[in-house]
Each structure stands twice: as structure tokens, then as C-alpha cells.
Amino acid sequence: MTDTNQRPDGGASSASEHLSTQYTPAEVEGTLYERWVEAGYFEADEKSDKPPFCIVIPPPNVTGSLHLGHAFEHTIIDSLTRRKRMQGYETLWQPGMDHAGIATQNVVERELAKEGKSRHDLGRDAFVERVWQWKEESGGRILGQMRRLGDGVDWSRERFTMDEGLSEAVQTIFKKLYDDELIYRAERIINWCPRCLTAISDIEVEYQDDEGELVSVRYGEGEESIVVATTRAETMLGDTAVAVHPDDGRYRHLVGTEIELPLTGRRIPVVADEHVDPEFGTGAVKVTPAHDPNDFEIGRRHDLPALAVLDERGVITAHGPFQGLDRFEARSAIVAALRAEGRIVAEKRPYTHSVGHCSRCKTTIEPRLSMQWWVKVGPLAQAAGDAVRDGRVRIHPKEMESRYFGWVDNLHDWCISRQLWWGHRIPVWYGPAGEVVCVGPDEEPPTGEGWHQDTDVLDTWFSSGLWPFSTLGWPEQTAGLEKFYPTSVLVTGYDILFFWVARMMMFGLYAMDGTPPFRTIALHGMVRDQFGKKMSKSFGNAVDPLDWMDKYGSDAVRFTLARGANPGVDVPIGEDWVQASRNFCNKIWNATRFALMNGATVEGPVPQAGELTAADRWILSRLNETVAEVDALYEDFQFAKLSDALFHFAWDEVFDWYVELSKTTLAKGGPQADASRRVLGEVLDVTLRLLHPVVPFVTEALWTALTGSESLVVAEWPDDSGFRDKQAREEIATVQQVVTEVRRFRAEQGLKPGQKVPARLGLEGTALVAHEDAIRQLLRLQPAEEGFQATASLPVAGATVSLDLSGAIDVEAERKRLAKDLAAAEKEKSQTTAKLGNEAFLAKAPEPVVEKIRARLAAAEQDIVRLTAQLDSLPDS
RNA sequence: GGGCGCAUAGCUCAGCGGUAGAGCGCUGCUCUUACAAAGCAGAUGUCGGCGGUUCGAAUCCGUCUGUGCCCA
């Protein structure tokens, strides 16, 4: 247990004593988050002079709980807003939920079912009351889970699509669209879910290949018969024609005649229609206008009656022996009956074909003729497409644009009415004399004998389409709208580009006088398991992110997700990777702990270059390059790359090399040690700032300990100072080369890592002279004393390292090592020689490339000379 | 059926015209006083097949195969 975790306001000097040797996320995360909220860091001020930065949350479903997809999306959004906040923007991350009409109603109906009741037993008002009650008690679990993740949302502005204000927005835009004749009521074939008992829109239908049957049935008798093929025999009871292609010679003589429809005794016409494919099956199709969208169109063209034979639950209503049968039972029964009459000429079973299912409950969709409300999307979709086409809205990554256009430019009218009770009720009243009145939010609905309101509610997407401005107070002209609309970025999955993004574009442009709801749409992929498989409950590979957060900390989950986030690409995640991220957090923890124990400081200015060691100058140079790199990557939503850049900079450069090199300087003391303490403080300070948006908790705990400042949440985002030092960089690279080379020798000679070895360093004439102490420290090399005998001499980077291994070295190991290097050098030589011997290459390749090859050849030749000499000097074995 | 994408180390992925990279995993040696949730060293790839463009192709073009997604 460490109390510093709870007390980051403690002074830097005392802090180090309290940091435990391992990072324990659970001790830090909860308290830090609550403090951030209490401090009001996440609250947006619309009266601020700062430039605005606003992101609306893709509203999670009120019935939902946090899954990895949310965690992924929220990590991205939170990182973007945290960085912008640090950069001095007035940031608003707008939280809230949608009411999820069908899903929520299903949940509450299931609850009722346990009590043996249906919603009809309660009646509409009591049922809606019951849903609200459920929402208060069990809904919105996800909001608490968002806190665990560290989401910096403005909780004071939380919104729900069924709130009064948002409901007013819905009514307002409905009325406006109605008055503009962009909403209308019409009888059409819609996608009907016989289980949810409501219409759903085209995009709420999921198609999948199912095994069914294809039966060919002979209609009519003798010369006047036609064979039609169908997968839906049960609908034949509602057939009102047979259609053939007008140019099809086989049936020309029958067009205009009537034939007998089996089992019914009815006679139906044979019609000619261009849309019949003469190549498919027999070239003749049965026409059921009430139960198939294509047939409905044929029916319209030929003025055929639409005869409904199924009710809302998919049960046969047609009089006769099949009445009361479910659609699937009816199918078998009807096929059997047809077979008994000798009318089945062919059967194909199983016959795999594409079948639509309800995206909510997976029930097979039943196309159904019914009266519904529609949005006429033509002009709205046109505007939504144009906003992207003319660059006012940028879709990132750009490749996703074609998908957007493909959809928006081929949009069918949108069915918005749902036969549910939970949702925004359609604000239309019908009068006794057939009047239809659409009522705005500030108007009184008509009263009196015979007036009644439409019983349907609106599609949930209708209200979530208003989200970017309804949450800011629209239709009121609020200061929030003024400040934060249009929002800056929309971060969401490519899977709801159609469901949600396009709706917001249409409504935003329409309601806000042509101003799109966001400037940039940043699309991310889907979270998958560690083998790239889609996560699903039924497959058993779904993971609860809360489990991982408990086990490894929220930062670890966040970092793993960020590190996998390539724009628009699916992100696989596995527990091993979360563990690796946790290890990284622990590494940062311990490196900072080391720094604090060694007096790293952020006090005063960073000393001038002249007062710094080469290692100091090198790491400051790299630090600034990293700031610039991370900034550029943030602007491009390249989370995977920026996380990786930070990971490698922190671990491979700061922790593995700079910290190790600084140990020698710090041990010596004096002004140079003071300077290095300041540089160490600076490097950690800036690195923690850079990491904070992605891993907010561990960085906050460490940064407050390091700096004694209030909070990293409101600290300034670092700028690239422009400092670069190429010379220091080369110098340190040489040190690394020597150290690595000798380490390799040691390892292959079987020396224990900690074993001290006497050595003589020949560094004269190289930049390494200044680094002798560090090199000795890193390589565990002792001074050469009396009786020193060099048993091995390693030439590297212009210097020589001679070691006394007190006795014979392992000649075979050394020969193997040198031979391997020599082979590599010779391969390099032959490759580069071949290139340089190619006239065409010399003539056409750009000069820098040729130069590079020449340099490689020269280096290879030097290596060969050196390695050959070393090999020759080895004693024979 | 139409469209889009992807095939690179055992796994998951970067790289997208000039010496094949990362993380995890794997093999050795180490509890070296920030960290064994670590350190150091090491092994591993005809960059899906075939053709073409180019001085040069994992990278550009064509084609085939496999695979995933979206739409109908």
C-alpha cells in the first residue's frame, strides 16, 4: 500500500519514498477519476474565450453495458479530447444514451412475461411508466463503467434521447419536415418483424444465407399451364398473377389470359413485365403483391389486387384448410397439398438462399404491406453527400468515402414509424372527418369527439440523428450551440456509417441551415479477438473489458486498444497484449521512481547545451523529435503509430539507454549531475504529458509526484522546441554500437551478465573518450591492473576493447561469431558490388541512392578486413 | 450477382519503389542496488502463385487462388 498514490500533491522529494516497486492500478484509478470530476476539469464552459473542441458520444444504448467496442471508441475519443484540453481548447465531450426503442421494450416485456403479463395487460401509459422505472433502476449501467475507463465527459451535460428537451427537438424537426413535405404517410411493403411486431427499416435487416427449399409448381392446366419456382410456397394463397418477360416466346400465347391458381380455385391473369428475368428458373414468376416488395411493384404496374394472407404474427389468415397455421408450418402443408395434386414438378432441397432477419431478434423478416410514415430522403441525402463531396466534411480514412457515397446516393425513403410504445410518439392527430394534423411542440393538439393521436412511435435513429445539436439545446438558440456547433470530430465505427452518421448528416444540414454536424468523421474498426475473429457471445470469445481493467488496470486496456488502432481497420486484442501494456505502465512507473530517487527535477530552466553531456543533448533532441512526430500522428488519427512511437521512445531510448547512461553522470556528482537531473526531470515530464491522453491514470500519479503540480489533466501539451543535435546523436549511436558489440561477445563467451571483467579501452582519437566511464559501467568492465593480459581484443567503431578473460577464451564460439559477421559482410559486398557494376543503375538511380550503396560497400569492405584479421589472430584449435 | 478490402516471422499486424520491421511467443544466460510485470544476448521470412513495368518491386500494373466485409 502506498499513500503517495492517494496523495500526489506531496512534494517531489518525499514522493519517491512512497512509490512501491510495482504499479498497482487499483490504488490509483478510482480516486483520481473522482478527483478529476470534482475539480470540474471535464466541464465545458460555453462562455469561454478559448477555441472550442467538441465531440458527441455515439450514444450507447440504455440497455447496454460496456463492451470492448465501447472501450475502444472511448479510448480514442478520450485521448483526442484530453490532448485538445491540454492544448488550451475549451473541450466538450458530450455524454448520453439513446432509448433504444425495440431493445428496451423487449427487455421490459421479458420482465413482464416473468410476471405472466403482457404490455397489453398494463395498457400503454402504465407500460411506458414501467419502462421509465426500469431505466431509473437498471438502465445506463454503462455510465458507471465509463468512469472506470477514465472517460473525461462533462457529466453535468448528460442527455437521454427521451428527455424533455430532446423530445421537443424530435417533435420540432418532425413538424418542419412534415410541413416541407419531406415526411409522408403511405402504404408500402415494409420489413416486418413478426416477433417484435413492428416495422423496421431496410438497414435493420440482416441478410444471411439460409437453407430453404425451391419448389417448382405447375399453375393452370394442360396447354394453359405455367411452371413457377418459389421458396415461399405459403404465399401462393395470396398470388394475384403470374408474370413472364414480354419477349419470352414460350409464354407469349398466355399473356393476357387467366390460369387457375391451385388449391384456391381462383383464376389469375398472366401478365408481361420487363423485370422478370427469363433466364432464371422457368422464366415465370408467381406474383404476391402483399408479401413481396418486387411483386408489389409488379402489382402496381399491372393494377393487380394485393391480397394479404398472413397476419402480423406470420399466421395464415386466408380461409381454408391452412388458416391458423404459422407461415413455416403452412409452407410444408401447402407443398404437401400441391404434391398430392401432382402439381410439384421439381423440388430442390436444401436450397441455399439469402434471407432477411431482424437485426434485433434474428427472426425471419416478413415483407408486409402496411401504412407507415416515411422520410423522403432525396434532397436530404443529396445535401449529405455534397457536404462530403465539396470537402466541408472530411471522412477519415478517405477510402471510406466511397462507401458513404455508395449508400447516400442510392438511398430509399426511410420508414420511420414503429409499432411500439416506447419512443417518441408520432405527433399527428386524425380527426373524425379524415383530418390529419401534425402538431408542433408549442401547439395544442386538437381535442374533441373522434380525434386521436397516431399510435406509432418513431425509429430510434430518428432521434439519435439529431444528437449533435439536440444535446446542445436545439431547438432553443443556446450559448452551447453557438459555442460548440458544429462539433469538431465524430468518432465512430464504420459499421454505423449508414445507421447513424448519414442520418446526422441529413438532419444536421437540414435543421442547422446547411451547417454540417461535424467537420471530420473519424471511423474506426471493430474489436476482434487475438486471432482476428469477430467477438460474439455464441462463439464464446467475447471479453468483458471490466475483467481486464480489474486485472491489469484501465490504462493497460486503453493502451492496448490505442496501440491497435489503425484508422478504419479492425483491431484484434488478446489478454497477452493487455498484460504487455500493463508491463509498460509498470516500466514507466519504475523509471519515474528511479528518477525521483535520484533527484530528478523540473525546477528552473533546462541548462544550455554547452552545460550538458552528449547523452543529455541526444535525449533532448530525440524528445523534441518525438513531440513533433506524436503531434503529426494525432492530427491524422494514427493512434497505433503514435502509441508505438511513444512506447519505443520511452522504453528503448529513455529507459534502456538514457537512464542507464545518466547513472554514471549522476554518480559522479557536480554541476554535470545537476544538469542531468534537470534533463531527466524534463524528459519524464514531457514524456508523461505525451502519454497522458492514452494512459491518464499512471501518468497522472507519476507526474504529480514528479512536479508537485495539481494535475496533468490541465497541464500544457508540450511543444517541439526545435532543439536537435545531430552530433550528439551520432556520438551516442557509437557508444551503443560499442556496448552492444561487446555485450554480444560476452554473451557468446558464456560470461555471466554481472561478471566483472578487467579491460583496457583503446578509445583515443574517437568521440568515445568522454564515455569511458559509462561504457565500463554498462559492460561491467574493471580497470586493467597489474598482470593484465588481453585474451581478446575487439576492434569496433574505430576503438579497441581488450578483455582479460583470465585464461583461454572459447575459440570456437568466437570463430563462429566472427564467421557469421564475415559472411554477412561478404554478402553485403557482393550485393553492393553488383549494383555498382550495373551501368543502368549508375546512370538512372538518383545520386543519393548511389552514394548510399557506395558507403555500404566501403563499410562492408572495412568489416571484411577487420573480421578476417580477427579470425586470423585466433589460435588454431 | 455487384462493390470494397486483405494475403509479410509461430500468432496479430506495420511498412507501400532503393539494406525485410514491431508486439506477443520461442531459445539461452542473469534476482547487476528503478523495474524478474525486468535485464542482456539469440533464432525465425523464395513479403500468396504467375506474368508485366522499372536500373531496381513486399511496395506500381495485370491475372489467378484463398479470405473477409458491405450491398442486392
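In what follows, every chain begins at residue 1, and chains take the letters A, B, ... in the order their sequences are listed.
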K.L.:
Do K641(A) and D644(A) sit within salt-bridge range, that is, some charged N less than 4.0 Å from a carboxylate O?
P.N.:
no
K.L.:
Write down the distance separating the C1' atoms in rG1(B) and rC60(B), rounded off to the nearest Å.
P.N.:
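Those two atoms are separated by 30 Å.
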K.L.:
Would you classify V569(A) as touching base, sugar-phosphate or nothing, given that sugar-phosphate means primed atoms plus P, OP1 and OP2, and contacts are heavy atoms under 4.0 Å?
P.N.:
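Result for V569(A) = sugar-phosphate.
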K.L.:
Please determine whether a side-chain nitrogen of the Lys or Arg among E206(A) and K362(A) lies less than 4.0 Å from a carboxylate oxygen of the Asp or Glu.
P.N.:
yes
K.L.:
Please classify the nucleic acid contact of F655(A) as base, sugar-phosphate, or nothing, using heavy-atom distances under 4.0 Å.
P.N.:
base
K.L.:
For Q530(A), which contact category applies under a 4.0 Å heavy-atom criterion: base, sugar-phosphate, or nothing?
P.N.:
sugar-phosphate
K.L.:
Indicate, yes or no, whether a donor-acceptor pair under 3.5 Å links the base of rC35(B) to the side chain of K587(A).
P.N.:
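For K587(A), whose side chain was compared with the base of rC35(B), there is a donor-acceptor pair (under 3.5 Å).
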K.L.:
Please report, rounded to the nearest Å, how far the P atom of rG56(B) is from the CG atom of L836(A).
P.N.:
15 Å
K.L.:
Could you measure between the two C1' atoms, the one in rG45(B) and the one in rC26(B), and give it in whole Å?
P.N.:
15 Å
K.L.:
Is E826(A) paired with K829(A) through a side-chain N to carboxylate O contact shorter than 4.0 Å?
P.N.:
no
K.L.:
Using the C1' atoms only, state how far rC40(B) lies from rC55(B), rounded to an integer number of Å.
P.N.:
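Going atom to atom, C1' in each nucleotide, I get 43 Å.
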K.L.:
Taking the C1' atom in each of rA36(B) and rU30(B), what is the distance between them to the nearest angstrom?
P.N.:
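10 Å, rounded to whole Å.
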K.L.:
Of K641(A) and V659(A), whose closest RNA chain B nucleotide lies nearer the 5' terminus?
P.N.:
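The residue whose closest nucleotide sits nearer the 5' end is K641(A).
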K.L.:
In whole Å, what is the span from the CD atom of Q831(A) to the C1' atom of rG18(B)?
P.N.:
12 Å
K.L.:
Of the nucleotides rC13(B), rC55(B), rC24(B), which one has an atom closest to the side chain of P572(A)?
P.N.:
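Comparing rC13(B), rC55(B), rC24(B) against the side chain of P572(A), the answer is rC13(B).
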K.L.:
What nucleic acid atoms does A580(A) come within less than 4.0 Å of, heavy atoms only: base, sugar-phosphate, or nothing?
P.N.:
sugar-phosphate
K.L.:
For the ring pair Y404(A) and F498(A), is the centre-to-centre distance below 6.0 Å?
P.N.:
no
K.L.:
Determine, for F296(A) and R188(A), whether the Lys NZ or Arg CZ falls below 6.0 Å from the six-membered ring centre while staying within 45 degrees of the axis.
P.N.:
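So R188(A) doesn't make the cation-pi contact.
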K.L.:
Are F72(A) and H524(A), when compared by the centres of their aromatic rings, separated by less than 6.0 Å?
P.N.:
yes
K.L.:
Strictly below 4.0 Å, N to O, side chains only: are R776(A) and E772(A) in salt-bridge contact?
P.N.:
yes
K.L.:
If I take atom OH in residue Y207(A) and atom P in nucleotide rC70(B), what distance separates them, rounded to the nearest angstrom?
P.N.:
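After rounding, the gap between these two atoms is 13 Å.
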K.L.:
How long is the line joining CG of N590(A) and P of rA37(B), in whole Å?
P.N.:
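Checked: the CG to P distance equals 11 Å.
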K.L.:
Taking Watson-Crick (N1-N3 plus N6-O4 or O6-N4) and G-U wobble (N1-O2, O6-N3), each under 3.5 Å, can you produce the dot-bracket string of RNA chain B? Use [ ] for crossing pairs and | for inter-strand ones.
P.N.:
((((((((.[[[[.)..(..]]]].(((((.......))))).....[[[[[..)....]]]]]))))))).
K.L.:
Please identify each residue that fulfils side-chain hydrogen bond (donor to acceptor under 3.5 Å, both in side chains) with D821(A), with sequence neighbours left out.
P.N.:
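side-chain hydrogen bond (donor to acceptor under 3.5 Å, both in side chains) check on D821(A) returns R744(A).
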K.L.:
Kindly indicate, with the supporting measurements, whether the criterion side chain to side chain donor-acceptor pair (under 3.5 Å) is fulfilled by S676(A) and D616(A).
P.N.:
CA-CA 6 Å; S676(A) 280; D616(A) 291 335; 2.9 Å; yes
K.L.:
Nearest to the side chain of H648(A), heavy atoms from C-beta on, is which of rC13(B), rA22(B), rC40(B)?
P.N.:
rA22(B)
K.L.:
Could you give me the CA-CA distance, side-chain angles and deciding distance for D773(A) and K668(A), then say whether salt bridge (Lys or Arg N to Asp or Glu O under 4.0 Å) is met?
P.N.:
CA-CA 10 Å; D773(A) 291 343; K668(A) 274 188 202 154; 3.2 Å; yes
K.L.:
How would you label the contact of S354(A) with the nucleic acid (heavy atoms, under 4.0 Å): base, sugar-phosphate, or nothing?
P.N.:
base
K.L.:
Treat primed atoms plus P, OP1 and OP2 as sugar-phosphate and everything else as base, then score nucleotides 2-7 of chain B 5' to 3': B for base contact with protein heavy atoms under 4.0 Å, S for sugar-phosphate contact only, - for none.
P.N.:
------
K.L.:
Considering only the P atoms, how many Å lie between rU19(B) and rC64(B), rounded to the nearest integer?
P.N.:
33 Å
K.L.:
Considering only heavy atoms, which members of residues 844-857 of chain A lie under 4.0 Å from some atom of RNA chain B?
P.N.:
K844(A), A845(A), P846(A), V849(A), R856(A)
K.L.:
What nucleotide among rC55(B), rC70(B), rA14(B) has an atom nearest to a side-chain atom of F841(A)?
P.N.:
rC55(B)
K.L.:
Please, which pairs that meet salt bridge (Lys or Arg N to Asp or Glu O under 4.0 Å) have at least one residue in residues 572-585 of chain A, sequence neighbours excluded?
P.N.:
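Those involving residues 572-585 of chain A are K551(A)-E575(A).
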K.L.:
Among rA34(B), rG23(B), rU32(B), which nucleotide has an atom closest to any side-chain atom of R593(A)?
P.N.:
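Comparing rA34(B), rG23(B), rU32(B) against the side chain of R593(A), the answer is rA34(B).
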K.L.:
Applying ring pair (Phe, Tyr, Trp, His ring centres under 6.0 Å), run through Y634(A) and F639(A) and close with a yes or a no.
P.N.:
CA-CA 7 Å; Y634(A) 255 113; F639(A) 281 88; 5.6 Å; yes
K.L.:
Considering only the P atoms, how many Å lie between rC13(B) and rU53(B), rounded to the nearest integer?
P.N.:
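Each nucleotide's P atom is 34 Å from the other's.
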K.L.:
For D656(A), answer base if it contacts any base atom (sugar-phosphate contacts may also be present), sugar-phosphate if it contacts only those atoms, and nothing otherwise; contact means non-hydrogen atoms under 4.0 Å.
P.N.:
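Answer is sugar-phosphate: D656(A) comes under 4.0 Å of backbone atoms only.
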K.L.:
At 4.0 Å (heavy atoms only), tell me whether R563(A) reaches a base, stays on the sugar-phosphate, or touches nothing.
P.N.:
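The answer is sugar-phosphate, as R563(A) gets under 4.0 Å only of primed atoms, P, OP1 or OP2.
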K.L.:
Whole Å only: how far is the CZ atom of F639(A) from the C1' atom of rC13(B)?
P.N.:
18 Å
K.L.:
Taking atom P in both rU32(B) and rG39(B), what distance in whole Å separates the two?
P.N.:
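My reading of the P atoms in rU32(B) and rG39(B) gives 14 Å.
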K.L.:
Any donor and acceptor pair, going by atom type alone, linking the side chain of N590(A) with main-chain N or O of T21(A) inside 3.5 Å?
P.N.:
yes
K.L.:
Just N and O in the side chain of K533(A): are any of them under 4.0 Å from OP1 or OP2 of rU12(B)?
P.N.:
no
K.L.:
Should the side chain of Q579(A) and the base of rA37(B) be counted as holding a donor-acceptor pair, with the cut-off at 3.5 Å?
P.N.:
no
K.L.:
Does Q638(A) contact rA14(B) through a side-chain donor or acceptor facing the base, at a distance under 3.5 Å?
P.N.:
no
K.L.:
In this structure, how many angstroms lie between the P atom of rA72(B) and the CG atom of D409(A), rounded?
P.N.:
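That distance rounds to 15 Å.
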K.L.:
Base, sugar-phosphate alone, or nothing: which one does K829(A) contact when heavy atoms must sit under 4.0 Å apart?
P.N.:
nothing
K.L.:
Could you state the atom-to-atom distance from CH2 of W407(A) to C1' of rC71(B) in whole Å?
P.N.:
12 Å
K.L.:
Just how far, in rounded Å, is P of rC24(B) from CZ of R582(A)?
P.N.:
12 Å
K.L.:
With sequence neighbours left out, write down each residue that passes side chain to side chain contact (heavy atoms under 4.5 Å, CB included) with D550(A), or none if nothing qualifies.
P.N.:
R148(A)
K.L.:
Between rA9(B) and rA58(B), how far is it from one C1' atom to the other, in whole Å?
P.N.:
14 Å
K.L.:
Does N586(A) reach a base, just sugar-phosphate, or nothing at all? Heavy atoms under 4.0 Å.
P.N.:
base
K.L.:
E660(A) side chain: which of rG39(B), rC35(B), rC70(B) is closest?
P.N.:
rC35(B)
K.L.:
Between R817(A) and E741(A) (salt bridge meaning N to carboxylate O under 4.0 Å), is one present in this structure?
P.N.:
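Here R817(A) pairs with E741(A) in a salt bridge, since their nearest N and O are under 4.0 Å apart.
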